[in-house]
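A short worksheet on the structure shown next.
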Amino acid sequence: MVPRGNNTDGEVALDRTTFEQAHQQHENKKLVIGYALTSKKKKSFLQPKLEVLARKKGISFVSIDQDKPLSEQGPFDVVLHKLLGNAWHEVIEDYQQKHPEVTVLDPPGAIQRIYNRQSMLQGIADLNLADCDGIVCVPKQMVVLKDTTSSADEVAEAGLKFPLVAKPLLVDGTAKSHQLFLAYDRLSLAELEPPLVLQEFVNHGGVLFKVFVVGDVIRVVRRFSLPNVSNCEKAKVAGVFQFPRVSSAAASVDKTDLDPRVAELPPKPLLEGLVRELRNRLGLRLFNIDMIREHGSSDVFYVIDINYFPGKFVIQLAGYGKMPDYEQVFIDFFLSLAQAKHSKRECIKSGIEM
């Protein structure tokens with residue numbers, strides 16, 4: 001830098017200040033995201049298009065070495081993770097306490113809640129969704145921890161009606177944890193392997209709505225699901241049947257001529273209210289809601305599953321990689337995190353409470 005005018009010291013100081021401000025602005029534009037993902041999740045999520053868009057916006061993705069202490073890596077602005085196990089959860093929780101300035105997506109305790117299908121849907125029926133153009137329910141369900149042979153009486157006591165959807169209690173990232181069965185009668189329950197959740201099957205016209213949530217952004221896609229079960233079928237069919245892999249990307253209904261009463265997307269006010277309430281209660285920013293509309297109704301919906309940051313481990317069952325324009329949605333989301341961090345830093349410097 002070359003001094004200008006007579007006031008050399010002042011001019012040099014001014015130039016240095018300008019340089020430091022420019023440097024700080026440059027630093028503010030950078031966003032380092034440390035990620036801890038399985039190899040399958042990394043392959044499905046970190047697509048080339050996403051990484052190209054990220055570089056253009058000053059976002060870099062850095063792999064976290066799980067064999068080294070997390071605090072010795074980085075520095076990170078954001079930690080994006082989806083690994084199972086108590087040991088990893090303890091690492092993340094400890095890191096959060098020591099580095100509150102880093103955004104962790106998402107808190108392990110919050111994620112753990114929706115890995116258990118017993119706690120996953122608790123409280124949804126009590127959400128405040130007044131004036132949201134619809135009703136959100138959850139199917140009647142019960143948990144079977146040990147003996148399925150004696151669960152028939154408990155099913156009757158709980159008021160559940162056949163057929164029942166049987167789902168593994170825990171979502172542990174394996175293909176088995178996403179296997180679903182339909183039990184048509186009492187005797188068929190003995191064929192199921194606990195621990196599991198039994199959930200009343202709700203006729204829904206064979207269409208499932210997958211609601212993707214990325215921060216404040218909501219995207220909805222329609223997928224084929226199981227057809228309705230008629231009263232005649234209920235009376236004649238017995239046994240247990242494994243669900244086909246419904247809701248896959250290949251099973252999109254967007255180009256199919258369906259009855260609009262079945263295929264019409266849930267009302268926007270209802271989705272916004274539901275997502276807002278769930279985001280607050282769950283403490284999550286990256287999740288997916290599986291919803292169905294009760295057949296014959298225009299405004300009664302059921303939440304049947306919630307998944308955290310879904311991806312390749314379900315063999316492309318509508319993971320984020322299949323969400324329309326997912327790359328730009330995530331880039332905007334990460335940039336909003338950077339802006340929020342910058343605003344918080346400026347408020348702290350100014351002595352303003354957030």
Side-chain angles (χ1 to χ4, degrees), residues 33 35 37 41 44-47 50 78-82 103-117 119-129 132-138 171 173 178 207-223 225 247 249 252 254 265-293 301-314 316-340:
I33 300 176
Y35 65 88
L37 306 171
K41 182 63 181 176
S44 66
F45 178 68
L46 289 178
Q47 295 286 321
L50 176 66
V78 176
V79 169
L80 177 68
H81 70 103
K82 189 178 181 182
T103 300
V104 174
L105 298 172
D106 274 307
I111 298 172
Q112 194 65 38
R113 175 179 173 179
I114 63 172
Y115 281 167
N116 185 312
R117 287 194 166 100
S119 58
M120 177 190 293
L121 305 181
Q122 286 178 349
I124 289 181
D126 300 325
L127 296 178
N128 180 19
L129 299 176
C132 286
D133 297 344
I135 300 171
V136 175
C137 314
V138 294
V171 183
H178 292 272
V207 174
L208 171 74
F209 303 104
K210 299 194 78 71
V211 183
F212 295 95
V213 180
V214 182
D216 295 327
V217 175
I218 303 171
R219 292 286 187 272
V220 187
V221 294
R222 289 169 293 200
R223 295 287 181 258
S225 182
S247 81
S252 174
D254 290 336
L265 296 177
K268 184 178 178 180
L270 183 69
L271 290 176
E272 291 175 341
L274 174 62
V275 168
R276 180 177 60 251
E277 291 285 331
L278 283 180
R279 201 164 42 216
N280 291 337
R281 290 200 179 197
L282 298 176
L284 299 175
R285 282 173 278 193
L286 300 175
F287 60 98
N288 153 245
I289 308 165
D290 286 350
M291 294 179 65
I292 56 176
R293 176 189 284 110
F301 297 86
Y302 284 80
V303 173
I304 58 174
D305 239 336
I306 302 175
N307 304 290
Y308 180 69
F309 194 14
K312 193 79 170 181
F313 69 97
V314 287
Q316 293 192 6
L317 290 190
Y320 279 119
K322 294 301 176 183
M323 184 177 70
D325 302 322
Y326 95 99
E327 297 94 349
Q328 190 60 56
V329 170
F330 268 90
I331 292 299
D332 291 342
F333 172 57
F334 291 140
L335 291 176
S336 72
L337 296 179
Q339 181 59 46

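For the numbers below, each heavy atom of this structure counts, side chains included, while hydrogens, waters and symmetry mates do not. Bear in mind the structure is a predicted one, so any value in this text is a computation, not a measurement.
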Within the side chain of [X], is there an N or O that forms a donor-acceptor pair under 3.5 Å with the backbone of [Y]?
X	Y	value
Arg279	Gly215	yes
Thr103	Val78	no
His81	Tyr35	no
Asn288	Val211	yes

Would you compute the distance between atom [atom1] of [X] and atom [atom2] of [Y] and round it to the nearest 0.5 angstrom?
X	Y	atom1	atom2	result
Leu284	Tyr308	CG	OH	6.5 Å
Asp126	Arg281	CG	CZ	6.5 Å
Arg285	Asp106	CZ	CG	5.5 Å
Cys137	Leu127	SG	CG	11.0 Å
Asn280	Asn128	CG	CG	11.5 Å
Leu278	Ile124	CG	CD1	5.5 Å

*Among all residues two or more places apart in sequence or in another chain, which pass the side-chain hydrogen bond (donor to acceptor under 3.5 Å, both in side chains) test with Gln328?*
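With neighbours one apart ignored, the set is Asp332.
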*Should the ring pair Phe309 and Phe330 be called parallel, tilted or perpendicular, given that the plane angle runs from 0 to 90° and is split at 30 and 60?*
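Phe309 and Phe330: tilted rings.
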_For Asp133, I'd like to know if atom CG has over 12 heavy atoms of other residues, nucleotides or ligands within 6.0 Å._
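For Asp133, atom CG is crowded (more than 12 foreign heavy atoms under 6.0 Å).
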*Step through it carefully: locate the ring centre of Tyr326, locate the ring centre of Phe212, and say whether they are under 6.0 Å apart.*
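Not under 6.0 Å, so no.
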*asked:* Does Leu274 form a side-chain contact (heavy atoms from CB on, under 4.5 Å) with Arg276? I'd like the steps, not just the answer.
replied: CA-CA 6 Å; Leu274 174 62; Arg276 180 177 60 251; over 6 Å; no
*Check step by step if side-chain contact (heavy atoms from CB on, under 4.5 Å) holds for Val171 and Ile114.*
CA-CA 8 Å; Val171 183; Ile114 63 172; over 6 Å; no
*Where do Val138 and Val303 come nearest, in terms of heavy atoms and distance?*
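That would be CG1-O, 3.9 Å.
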*salt_bridge(Arg117, Asp305) N-O dist < 4.0 Å*: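 Answer for the salt bridge query: yes.
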